[in-house]
There are 2 protein chains.
Amino acid sequence: MLEVTEKLRQNNLKVTPQRIAIYNALCESRSHLSAESIYNYLRESYPTISLATVYKTLSTFIDTGLIQELNTSDGISKYDIVNDPHPHFVCNICKTLYDLPELKSMENVRNEIKDSTNFEIITEQIFLYGICDKCNEV
Amino acid sequence: MLEVTEKLRQNNLKVTPQRIAIYNALCESRSHLSAESIYNYLRESYPTISLATVYKTLSTFIDTGLIQELNTSDGISKYDIVNDPHPHFVCNICKTLYDLPELKSMENVRNEIKDSTNFEIITEQIFLYGICDKCNEV
DNA sequence: CTGCGTGCAAAACGTTTGCAACTTG
DNA sequence: CAAGTTGCAAACGTTTTGCACGCAG
């Protein structure tokens with residue numbers, strides 16, 4: 001993976017400590033972070049960072065295609081580094097957002113969509129809703 | 001399609017004029033309605049209906065599986081009668097939400113997901129983001 | 001007649017904005 | 001030094017809540 005600094009430069013974004021920290025937080029986190037959770041996480045190392053900066057930075061990253069916003073039924077946006085596309089699973093009970101493995105059959109879906117519309121597709125998001133293992137046990 | 005009244009009774013919901021009107025509005029509309037647009041639309045025939053009732057009713061319908069909430073990047077929830085599953089397209093520019101035709105290849109995706117996880121899948125949502133025809137012309 | 005549904009107003013929530021001070025290149 | 005970024009506080013718009021009244025079963 002490219003150095004963060006490099007990624008920012010490539011997109012004509014000024015390299016600031018806040019941007020590096022936010023990007024790294026998203027890379028390092030195994031879970032899907034909200035703006036608020038990024039903010040709380042970064043406050044330990046960057047006590048003066050503001051929530052507004054987090055939102056503005058995330059918005060910038062979305063515009064440049066570095067990250068993706070995931071909008072699910074709990075009304076809180078989560079953010080995901082754009083790497084290999086993969087579907088997501090949302091538990092209707094605990095609202096946890098899980099990554100699912102990349103699907104081979106998505107290639108067919110993409111082709112079928114390309115044939116059925118002349119819209120220009122940039123990104124794709126697949127959400128499966130249901131009950132996760134943990135909540136099913138209870 | 002079943003009579004609205006019947007659908008409500010089946011789900012142990014009291015049959016009220018508001019519920020019937022909201023359900024019908026969602027059935028009849030060719031576009032994807034937000035709570036606000038349902039409210040504005042219904043005010044013509046039900047001048048005393050309140051936005052809170054619309055929200056509460058939608059929430060009830062979601063819980064009983066009659067409708068689905070579509071959360072896209074514009075931050076305004078849209079609601080869709082749960083019929084045949086089909087993908088959606090969201091224009092990054094005008095934010096319009098389009099229906100795409102049902103995809104044959106989705107069956108493979110469903111199967112692949114079933115094989116790769118033991119989460120219990122209840123509903124699925126596919127969103128394609130990009131630029132729509134109208135915005136591409138400009 | 002009992003419990004659920006409605007409507008109003010107020011509150012809550014995540015997110016966005018305006019602006020002055022400060023950094024980056 | 002110019003242009004873009006930050007942080008604060010206030011504003012915004014959607015959605016939720018509490019509560020008294022009303023209607024469905």
Side-chain angles (χ1 to χ4, degrees), chain A residues 4-23 25 32-64 66-79 95 97, chain B residues 3-23 25 32-43 45-64 66-79 95 97:
Chain A
V4 195
T5 310
E6 198 51 38
K7 286 229 173 197
L8 294 174
R9 288 231 176 84
Q10 278 179 4
N11 289 282
N12 297 314
L13 298 177
K14 289 196 173 172
V15 180
T16 68
Q18 293 88 339
R19 284 180 173 173
I20 295 173
I22 291 168
Y23 192 88
H32 295 86
L33 300 176
S34 63
E36 185 94 34
S37 54
I38 294 171
Y39 172 62
N40 286 325
Y41 172 64
L42 292 183
R43 277 211 286 181
E44 293 175 22
S45 357
Y46 297 81
T48 67
I49 201 168
S50 83
L51 190 51
T53 299
V54 174
Y55 274 109
K56 283 171 188 166
T57 303
L58 291 170
S59 173
T60 305
F61 287 178
I62 292 168
D63 292 346
T64 54
L66 285 173
I67 66 170
Q68 208 178 13
E69 186 181 33
L70 303 176
N71 304 101
T72 61
S73 63
D74 74 349
I76 302 168
S77 296
K78 309 293 189 322
Y79 302 87
K95 308 295 178 190
L97 182 58
Chain B
E3 198 63 52
V4 196
T5 310
E6 197 51 39
K7 287 229 175 200
L8 295 174
R9 289 231 176 85
Q10 278 178 2
N11 290 281
N12 297 313
L13 298 177
K14 286 195 176 176
V15 180
T16 68
Q18 291 89 336
R19 285 180 173 174
I20 295 173
I22 292 168
Y23 191 87
H32 295 87
L33 300 176
S34 63
E36 185 95 34
S37 54
I38 294 172
Y39 172 62
N40 286 326
Y41 172 66
L42 292 183
R43 277 212 284 182
S45 357
Y46 297 82
T48 67
I49 201 167
S50 83
L51 188 52
T53 298
V54 174
Y55 274 108
K56 284 170 188 167
T57 303
L58 291 170
S59 172
T60 305
F61 286 178
I62 292 167
D63 291 345
T64 54
L66 286 173
I67 67 171
Q68 208 177 13
E69 187 181 30
L70 303 176
N71 304 101
T72 62
S73 63
D74 73 349
I76 301 169
S77 296
K78 310 293 189 322
Y79 302 87
K95 308 294 178 190
L97 181 59

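First the proteins, then the strands, lettered A, B, ... as listed; each starts at 1. Remember, it's a predicted structure, so these values are computed and weren't measured experimentally.
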How many angstroms lie between [atom1] in [X] and [atom2] in [Y], if you round to the nearest 0.5 Å?
X	Y	atom1	atom2	answer
B:Leu8	B:Phe61	CG	CZ	5.0 Å
A:Ile22	A:Thr53	CD1	OG1	7.0 Å
A:Ile49	A:Thr57	CD1	OG1	7.0 Å
B:Tyr79	B:Ile38	OH	CD1	7.5 Å

Given DNA chain C, 5'-ward residue of the pair B:Leu13 and B:Ala52, judged by closest heavy atom: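 Upstream on the strand: B:Leu13.
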
Of A:Tyr79 and B:Tyr39, the one whose closest DNA chain C nucleotide lies more 5':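 That would be B:Tyr39.
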
Which one, [options], comes nearest to the side chain of [X]?
X	options	result
A:Arg9	C:dG25, D:dA24, C:dG7	C:dG25
B:Ser50	C:dG7, C:dT16, D:dT15	C:dG7
B:Glu36	C:dT6, D:dT14, C:dT15	D:dT14
B:Lys14	C:dG3, D:dT5, C:dT6	C:dG3
B:Gln18	C:dT15, C:dT6, D:dT15	C:dT6

Over all strands shown, is [X] touching base, sugar-phosphate only, or nothing at heavy-atom distances under 4.0 angstrom?
X	result
A:Thr48	sugar-phosphate
A:Pro17	sugar-phosphate
B:Thr16	sugar-phosphate
A:Ser59	nothing
B:Thr60	nothing

Roughly, in whole Å, what's the span from [atom1] in [X] to [atom2] in [N]?
X	N	atom1	atom2	answer
B:Asn71	D:dT15	CG	C1'	12 Å
B:Leu33	D:dT14	CG	C1'	16 Å
A:Leu58	D:dT5	CG	P	14 Å
B:Leu51	D:dT17	CG	C1'	13 Å
B:Ile38	D:dT14	CD1	P	14 Å
B:Asp74	C:dT16	CG	P	11 Å
A:Ile20	D:dT5	CD1	P	13 Å
A:Ile76	D:dG13	CD1	P	21 Å

Pair B:Asn71, B:Ser77: side-chain N/O donor-acceptor within cut-off below 3.5 Å: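 Per modelled atom types, B:Asn71 and B:Ser77 side chains form a pair under 3.5 Å.
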
A:Leu66 and A:Tyr23, any side-chain heavy atoms less than 4.5 Å apart: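 Yes; the side chains approach each other to less than 4.5 Å.
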
Distance test, side-chain N/O of B:Thr57 to OP1/OP2 of C:dG5, below 4.0 Å: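 Answer is no, no contact under 4.0 Å.
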
D:dT15 phosphate, OP1 or OP2, under 4.0 Å from B:Tyr55 side-chain N/O: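 For D:dT15, OP1 or OP2 has a side-chain N or O of B:Tyr55 closer than 4.0 Å.
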
5'-most by nearest nucleotide on DNA chain D - A:Asn12 or B:Lys56: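 With A:Asn12 and B:Lys56 compared, the 5'-side residue is A:Asn12.
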
